[in-house]
Structure formats: C-alpha cells, structure tokens
Protein chains: 4
Amino acid sequence: MTTEQGRGGRPRSEQARAAVLHAVDDLLLEVGYSAMTMKGIAERAGVSRQTVYRWWSTKAEILFEASAIDAEQELAVRPAGDPVSDLAAYLDALGRFLAESEAGASYRALLGEAQHDAAVAQLLGTKDVIGDSARTVIDRAVPHLMESVPADRAVARLVGPTFFWILSGRSRAELVAQDLAAAFVAEIRADAGPSRGGAGAR
Amino acid sequence: MTTEQGRGGRPRSEQARAAVLHAVDDLLLEVGYSAMTMKGIAERAGVSRQTVYRWWSTKAEILFEASAIDAEQELAVRPAGDPVSDLAAYLDALGRFLAESEAGASYRALLGEAQHDAAVAQLLGTKDVIGDSARTVIDRAVPHLMESVPADRAVARLVGPTFFWILSGRSRAELVAQDLAAAFVAEIRADAGPSRGGAGAR
Amino acid sequence: MTTEQGRGGRPRSEQARAAVLHAVDDLLLEVGYSAMTMKGIAERAGVSRQTVYRWWSTKAEILFEASAIDAEQELAVRPAGDPVSDLAAYLDALGRFLAESEAGASYRALLGEAQHDAAVAQLLGTKDVIGDSARTVIDRAVPHLMESVPADRAVARLVGPTFFWILSGRSRAELVAQDLAAAFVAEIRADAGPSRGGAGAR
Amino acid sequence: MTTEQGRGGRPRSEQARAAVLHAVDDLLLEVGYSAMTMKGIAERAGVSRQTVYRWWSTKAEILFEASAIDAEQELAVRPAGDPVSDLAAYLDALGRFLAESEAGASYRALLGEAQHDAAVAQLLGTKDVIGDSARTVIDRAVPHLMESVPADRAVARLVGPTFFWILSGRSRAELVAQDLAAAFVAEIRADAGPSRGGAGAR
DNA sequence: AATTAATCGAGACGGTACGTCGGGTCTTTAC
DNA sequence: GTAAAGACCCGACGTACCGTCTCGATTAATT
C-alpha cells in the first residue's frame, strides 16, 4: 500500500493497479461474479495475467479491495435529529447499499462466496463494514447502550432484519426503515432499560 | 419427479438418483461447494456424467433436492409451553441449522450462490424454508399477530439477527436465543400492542 | 492403432487424427520445429487441445507418426542393374530425403531433438528408418557381406558420409553419390573382399 | 570481445561473464539443453537477467562460446607413428568427444538445434570444429591427398561413419576406430590412387 | 573532486505456451 | 429410452519463461 519500494527493481505500476480495480467493478455489473474470471479481468484491464496474479490471489481479493472504500462511504450517514430518525436513515442506507449499490453487489457476492469458501470468509473478517458502521450509528443514537448490551448483539438486532430481507431475495420497496428503527429502540428499552433505570433513554 | 414412465424404454434408475443425492451431500462436506463439480458428483456416485445432466441442470439443483427435506425437518420444532420459550426453541434450532447442520451448510451455500447467480436465486425462491418455518412458529406463539403486522416483516424481525450473526461469520456460541426471543416479543408488543388495547395477545 | 473399441464409449474420431497429422506436417514447413507448439497444432487442426494431448504427449510423437511412413517410402529405392549403381541410387535418395524432403525435415528435427531429449531419442530408437533401408540395399547390392561385417558397421560406412554432409549444413549439390557408392564398394572389398574365398572373415 | 571500452562507463564484469559460462556448462549436464533457460542461467550464475541478454542473445550463443575452446582441444590429437594409427587416434578422440565429453554434449545439442533453427545453424557455420580438426589430421596422415580429393569430401568419408554412429544413438563401445581408419585409407587409395599414379600413397 | 556513462542487481511489465481441469454435448454399445 | 463409457470442443486455470522496461547503486575514465 505504502509506496515502499525495497531498493532496486522497477516500481509497481499504479496505472495497472487502478485498471484492474476498475475492470473488476465493471465486470461485476456486466457479467456477474461467477462469470468474472481472472483472465477476463486481465484482458479488460489491458494488463497481463501474471501482473494480476502478482498482486492478488483471487478475484475475491480484488473485488474486496475495489469495493471496500466505496462501501464504507455509502454506509456513513450524517446524524439526523432524533435517535429513531438517525437509525432509520442508517437502515435506509443499508438497504440501498445491499440491494442497489455497486459496492453492495460486491459485498453480497463476497459474503455469498464466504459461505462456501473459507479463504473468502477470512478475507471478509478483516474488515467488518456493516458491523463498524452500525456500531458507530448505534453509539450515536443510543449512547451508553453498549455498556449494558454487547455491541455485536445490538448490531445484529439492528441490521439483522434488513440483512435477511435483502439477502433472502425480497424487494427493498417493502422495507420500512422507520418501523425497524422504532422497533429497535423499543426492543432495546425493553431489554436494557427497565433493569437499568433508563440507561438507553438519553 | 412423478414416477410416470411414458410407455416403453428402460425405467429411471432409482439407485442412480439416490447415489447422486448422497454423493452431493458427501462432497459438500468433503471438498466444499465450489470444488464440487458435476464431474466429481458423477464419479463419486458411480454414475455416468450424462445421467446426472439428464435429471439435473446444475449442482445447485441437486443440492437443493438433496437438502430440502432435511432442512424442513430440522426447522420444525415442537411447541414449548409459553410463547417466549417456543420462539427461543425455534431460534435455537435455526442457529444450529445454519451454523452446524449439514442441510444448513447446503442452504448457506445455495443462498451464497444466489447472491450472484439469478438461476439459483430463483431456485431458492420456490421454497422458502426459513420463512415457512418461522411463520408457523410465530403464528403459534403469538396468534393473530399477522393481522396487524405483515408476515414477512415479522419473520424478518425474528430470524434476522440470528441470520446475520451466522452468515457474517460470528460464532454460534455467543448467540442467546432466549434474549432474542424475549426481545422479539417485547418489540412486537410495543409495535402492535399499545395501539390495540395493550396486550399484544389481544 | 487397431480399431479396437472396448465396448461403450464414443469411438475415436479418425477425422481429428488425420487433421492433427496434417497440421503438424504443414506447420513444420511454415513455422519450423521450435515455433510449432501443441496449441498451434490444435488450432491449425481445428481440434481441441485436450484431444491432441489425449493421443500424443509431445509434438515429437506427432511428428514421428506423421512422417514415419513417408520416410520409409522415400528411402525404398528400386534395384538398379549393378551394385554400385544400386548403392548410388540409394545414397542419392538418402541425400534428397535428408536435405530436401518434407519427411526428411521431420527426421532431422527429431534427430536434432534427440540429441538433447532422452524421450525423443527413445522414440527414434523404436524405428531405425535409415538403418533398415540401408541394410536392405546393402544386402541386395553386396550379398553375403553381412556374414563378414556387422550390419551396423556396414550401414555406418555407407550412410555416414552423406549423413554428416547434410547434417553439418553442407549443400547437397556437391555430393556425388556415385563416388561414395564406389568408394564404399572398394573399401568393403579391401576390407572383406580380397580374401573372399579365403580370409574374408579375417 | 575485444576489451575495447568506449571511454567512460563501468567496464564489463569479467566475473559475471565467467559465471554465466560456467552456469551454462553445469546446467547442460544437470537439466539438459531444452530445460536450460535464460532465466535459469542468470539465476544459477547469480547474475541479473538483463546482464545475460546484454552480452548474448540466446542460450545457443552462450553454449557455443562456453564449449568451443574445449571442443578444439579435445579434437587435437598428437601425431602417431603411421597414418592408420594417426587417423585411428583421431577417430577415437572424435568418438569420445561426441559420445562422452561435456563439450561434445554441447556440440550435439547445438547441432541438433541447428537442424531446426537457422540462427543456430549459422552460428555453427562460423566455426567448423570437426571439419577443421579432421582436415589437419588427414593432411598430416595422407599428405597431398587434398590435391586430388576435395577436402570436405575426404572429411566426410573419414568422420561420417563415427558421426552417424553416435548421433543415431548407437553405443560407442562397439565402434572400432582402427577398422574405420584402415578402411578410410584403403578407400582413399582405391579412389585417388590408381588414377593419379599413387599421389596419396606416399 | 565532479562529471559522465555504461555496467550491475533487482524486479515489474505485457506476452504466449504450458499441461490440466471442468463444462456441456455427442456417439457408441448394453440393458 | 435409460445407462455407462468415453471422445469431442471449449475455455479458464495457475505457472513458467520470454524479452523489455524502469529503478537505484556501482565503477571507471574523463573533465
């Protein structure tokens, strides 16, 4: 990543790197994940096959690198006024990301592959795009919640329904982020609230 | 499927069919989904390649046929006494299914493939194993809920967190079905209950 | 080779076999031995790469099969009247074969490869085109010679000069088969002849 | 070749040159000619690939340079007493050279390659190791022969049998240089002698 | 001493062939 | 008509070597 170049040798071509990442993005849309081959990527990028293999082992790795930054940006939502609106905005972004965005298509393809490819699973484990973004939003909307509820569980409760909805092939149109956000808050209060005297109430 | 045999000719070999389905089950565990090939299946089943292609188009189809019945059984839980225990038992079964069961591995593989293969997505759409089982359980534990909340949304809220948890690679050990079930009930009551006379159960 | 077809299975395509052999012949002339690749042969023959590999391991094998019959024919000369003319006719044919014939080009390529590839050397050892033809001619022109001189040595003396001449890159134009044939006979008589009827065996 | 160094610049590394030549010698024995690659030579010599390409175009060139001197030495035999012994000694050296010597292996590899690579053929044409040595020996053993018989033809007659014997894969053990030398002399006398009144008889 | 220029190593680059594998299809004999 | 066997064309796999190209670092002879 850093421009380190261990003394001697021709430096890596930034042009080739960018061309490959773009090629992957394009091909995912045009031919789909499974029809996207290392050979095809190389040809589309106008780069030799060896050069692709020199820097990435699998198409999953390339796709991951190509989409990680976009994914992060798309899941970063600006704070809304109240907690529910804030969460709803996030869930809306999440739905859009998973169902319609290009980076989301990459994410779903990778997560799909991870279900039957340990290497891809491990790759995805290195950067928890959804978990990270969700944690940020939850902490902002419902401060101090993490003190009573493990972060991962709160995340699962928040994003789970939307995640399941999209990945099981249902249409995003019928998703009502507002409802899910409200339900999450209600649920959280019922779970952590009473016993703690309103910790999550703010 | 039906045992119809259009007069004349050698009847389909039931032995071959069973051998193929078993081979698929075995191979999924031994080599994984992506390394499982039509050729490999035929050889493992001791069957000619053409015979496999005659009855199934893709490995996804075979896997689907081989695991659908098991999946249904594993997700059918017997009623417990109270609503929360009932739902918790179901979520527990769901977690076990997704994370540990053989049929669940098939399901995850297929659902993974469905994320980037429209044909598989359509195939999975013909039988909503999780949705069907969840609907049954919800209707049993919280009768009449469907009248105020669309079934699919209720299902998403119930199974979503567990679904996300497993598919995003988290360990089932840290899943507490009891909590999730309780939260679901609380959430449902907060959502549909107050406005309808207070008790959710109605 | 024989049309044996062990019950079941699609029979080998005679068309594909012929196409490959022809392709090899053509390519040797057009691009030369080293630029002739298995891939190129397959493409030129309009045959899949796998099909080529199914029946032959190396281009040397194909070339050998493609040229062996032609070589044999080109080296079979009709008897002339007297011994010297007979041998001269043979040496003339040998020179033409090595220096100008298509089959001869194959032979030289293979013999060349055999100098640094044991597998090719072994392949060539299975059929001694030059040795066989030379033995026949010698036996016809100088009967009973073999009784006093080992066949291989007689062969080497007969064909050696022509063989060296061509393979070391000299022009065939300056070769005088008549002289070589006469010299061979003279030499043989000096070696085995004078004493014939007494010391021939030495 | 000459140590000319066009003013300025780092002088050619004699160490690198020697390392490459040695590497080629070693690799020919260890892996054979065809498995010997420019890349492999560079690595074995501990030299950069570019450095090899800077001074030689092909592995044939390197091999030629590496073995030419050795070849010349091995084919230079000291005069024996009489003509036949002298020629026999040479043919013996030639057999040893072609069949067993390291330089001879290089020569055979190059001559083999020359059969289907014009560039190598031309390269070999620049220095006729066998022809030169044979001419010297013939002139020493049978003076004035060249006046009546073209040198090249005499050479071909002398070395041809041995050359054919080895290159066609026969064992050197069965070669009897003495016989071949005697036959050569007999043949030569029959050919050139009578008509010239004993010019070559000495 | 500073400059110049050709060398050296390292290693990335676009190509091309390697031999193998799986995809589907087709053609044969046997049941 | 199904089954087993196996050849067929196709195209991707990941690797190796090709010959070329930048790099930074040396190493003289020339200023």
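Order of the sequence lines fixes the chain letters, A, B, ..., with proteins taken first and strands second; residue numbering starts at 1 for each chain.
The side chain of A/Ser48 places no N or O atom within less than 4.0 Å of a non-bridging phosphate oxygen (OP1 or OP2) of E/dT16. Residue A/Arg54 places at least one side-chain N or O closer than 4.0 Å to OP1 or OP2 of E/dC13. Close to F/dG6, at under 4.0 Å from its OP1 or OP2, lies no side-chain N or O of C/Trp55.
Distances were taken from every side-chain heavy atom of A/Val47 (C-beta onward) to each of E/dG14, F/dT2, E/dC13; the shortest belongs to E/dG14. The side chain of A/Thr51 approaches E/dG14 more closely than any other nucleotide in the set E/dG14, F/dG19, F/dA25. In this structure, of E/dA17, F/dA28, E/dT27, it is F/dA28 that holds the atom nearest to the side chain of D/Pro11. Considering only side-chain atoms of A/Arg12, the nucleotide from E/dG23, E/dC13, F/dC13 that sits closest is E/dC13. Between F/dA16, E/dG23, F/dA12, one nucleotide has an atom nearer to the side chain of A/Gln50 than all others, and that is F/dA16.
Residues forming a salt bridge (charged side-chain N to carboxylate O under 4.0 Å, His left out) with D/Lys127 (at least two apart in sequence, or on another chain): D/Glu72.
Look at CZ on A/Arg10: it is 6 Å from P on F/dT22, rounded to the nearest Å. In this structure, CD of A/Glu14 is placed 22 Å from P of F/dC21, rounded to the nearest angstrom. Residue C/Lys39 contributes atom NZ, which lies 13 Å from atom P of F/dC10 at whole-angstrom precision.
Classification of D/Glu113 and D/Lys59 as a salt-bridged pair fails, no side-chain N sitting under 4.0 Å from a carboxylate O.
Between B/Ala35 and C/Arg49, the one whose closest nucleotide on DNA chain E sits nearer the 5' end is C/Arg49. Heavy-atom distances to DNA chain E give each of C/Gly40 and B/Tyr53 a nearest nucleotide, and the one nearer the 5′ end belongs to C/Gly40.
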